[in-house]
Amino acid sequence: MTINHSYAEHIGRFLFKVVTVALAVAGFHATAKAQELSSVRRHVDFSLQVANNHLWRGIEVSDGLVMCTSLAVHDQNDHVRLGFWNGTNSSGQYKEFNFFGEFKAGGWQLALWDTYNFSPGADYNNHQFFNYSARTTGRFLDCILTYRFAESAPRFPLTLSWSTILFGRDRWSDNSANRYSCYLMAGYTLYQDADWRFDASAGGAFTLASKAGDRSTFYSDKPGLIHLELRAERRLRLTHDYSLPVFATAVFNPVMDRAFFQIGAQVFQF
């Protein structure tokens, strides 16, 4: 059997066109997927940090090997950010799961954290996640206003922050009302280059409400300086594309007569 050369040529051209169109469609699809993935990456971030304890505003929330993770979505300009934060330790004696929202404009940032620590040894309601009753909830809502001078003056890396607990387990010992505990913090970057960074910060606690015979705050048994910190960070370049920030922190709490040391690493942050 013989095949007409003209006919075979037509078939060849037809198959060539089919393959070309198929490859073009596949390429367009792959490009669209790549652009979609790139778009997702611009709006989603997550992180993992490990340390020998978890320190927060002059308090050691947990000891042992602690892992802190976060997952958040934000707009293209990173003005609005919504996410989740989790902390746990290797023994399972520390468990925390928070919601947070942030709004940024210039050097200003306004954040609201809905914090729920459900550690097994907690002395408050640690088993009703959706309980928002003021007298019985185990969570608290923390509103934080921050201003970073470095946004407008890079040579003046001062950060000021004011936090007030608006709702939750920040109540007087008789559970009669909210204390509205406040935490005022000032932080300053002492030195920074491509590999090293050194920071110092100080914070004090007080309450907006008052009660006769009770001077306690959410953080301490009386108002005062609860947080003095010196922090060093070293960025270890492990590969061409990956570096591992490791840090060490010394924290002192004069009001509660305590001191803590922390060492850890930011395993990843995307």
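Only heavy atoms go into these numbers, but all of them, side chains included; no hydrogens, no water, no symmetry mates.
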Under 3.5 Å, side-chain donor or acceptor atoms of residues 258-270 against the rest of the protein: list the pairs with distances, not counting sequence neighbours.
from   : atom 1 : to     : atom 2 : distance (Å)
Gln262 : NE2    : Asn53  : O      : 2.9
Gln262 : NE2    : Asn53  : OD1    : 3.3
Gln266 : OE1    : Gln49  : NE2    : 3.0
Gln266 : NE2    : Leu48  : O      : 3.4
Gln266 : NE2    : Phe268 : O      : 3.3

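The ring-ring contact (aromatic ring centres under 6.0 Å, His included) contacts involving residues 168-193 comprise Tyr183-Tyr219, where partners must be two or more places apart or lie in separate chains. For residues 54-64, every residue pair satisfying the salt bridge (charged side-chain N to carboxylate O under 4.0 Å, His left out) rule, not counting sequence neighbours, is listed here: Arg57-Asp142.
For the pair Asn86 (side chain) and Glu96 (backbone), a donor-acceptor distance under 3.5 Å is present. Between the Asn178 side chain and the Arg171 main chain, no donor and acceptor come within less than 3.5 Å of each other. Remark: the backbone N or O of Tyr94 is paired with a side-chain donor or acceptor of Thr88 at under 3.5 angstrom. Here the side chain of Arg169 pairs a donor or acceptor atom with the backbone of Gly138 at under 3.5 angstrom. Between the side chain of Asn253 and the main chain of Gly58, a donor-acceptor pair closer than 3.5 Å is present. With hydrogens and angles disregarded, no donor-acceptor distance shorter than 3.5 Å links the side chain of Asn175 to the backbone of Ala177.
Here Phe118 and Phe129 keep their ring centres 6.0 angstrom or further from each other. Under the 6.0 Å cut-off for aromatic ring centres, Phe140 and Phe218 qualify, their centroids lying closer than that. Centroid-to-centroid, the aromatic rings of Phe167 and Trp113 stay 6.0 Å apart or farther. Ring centroids of Phe156 and Phe149 are separated by less than 6.0 Å, placing the two rings close together. Ring centers of Trp108 and His79: at least 6.0 Å apart, outside the cut-off.
Asp257 CG: 12 or fewer foreign heavy atoms inside a 6.0 Å radius. Summarising the local packing, OH of Tyr242 is surrounded by more than 12 heavy atoms from other residues, nucleotides or ligands at distances under 6.0 Å.
With 3.5 Å as the limit, one finds no donor-acceptor pair spanning the side chains of Ser133 and Asn131.
A single hydrophobic cluster is seen to contain both Val61 and Val255, as judged by linkage of ILVMFWY side chains at heavy-atom distances under 4.5 Å, directly or through other members. Residues Tyr147 and Trp162 do not share a hydrophobic cluster, defined by chaining ILVMFWY side chains whose heavy atoms lie under 4.5 Å apart. Taken together through direct or relayed side-chain contacts under 4.5 Å among Ile, Leu, Val, Met, Phe, Trp and Tyr, Ile226 and Met185 form part of one hydrophobic cluster. Linking Ile, Leu, Val, Met, Phe, Trp and Tyr residues whenever their side-chain heavy atoms come within less than 4.5 Å leaves Val80 and Phe46 in two separate clusters.
Aromatic ring pairs are classed by plane angle as parallel below 30°, tilted from 30° to 60° and perpendicular above 60°; the pair Trp196 and Phe198 is parallel.
Under a 4.5 Å side-chain heavy-atom criterion applied to ILVMFWY residues, the cluster that includes Leu225 comprises Leu228, Phe252 as well. Phe247 belongs to no hydrophobic cluster with other residues, because no ILVMFWY side-chain heavy atom falls under 4.5 Å from its own, directly or through intermediates.
Looking at residues two or more places apart in sequence or on another chain, you find no ring pair (Phe, Tyr, Trp, His ring centres under 6.0 Å) involving His227.
Ionic pairing of Asp45 and Arg81 is present here: one or more N-O contacts between side-chain nitrogen and carboxylate oxygen are shorter than 4.0 angstrom.
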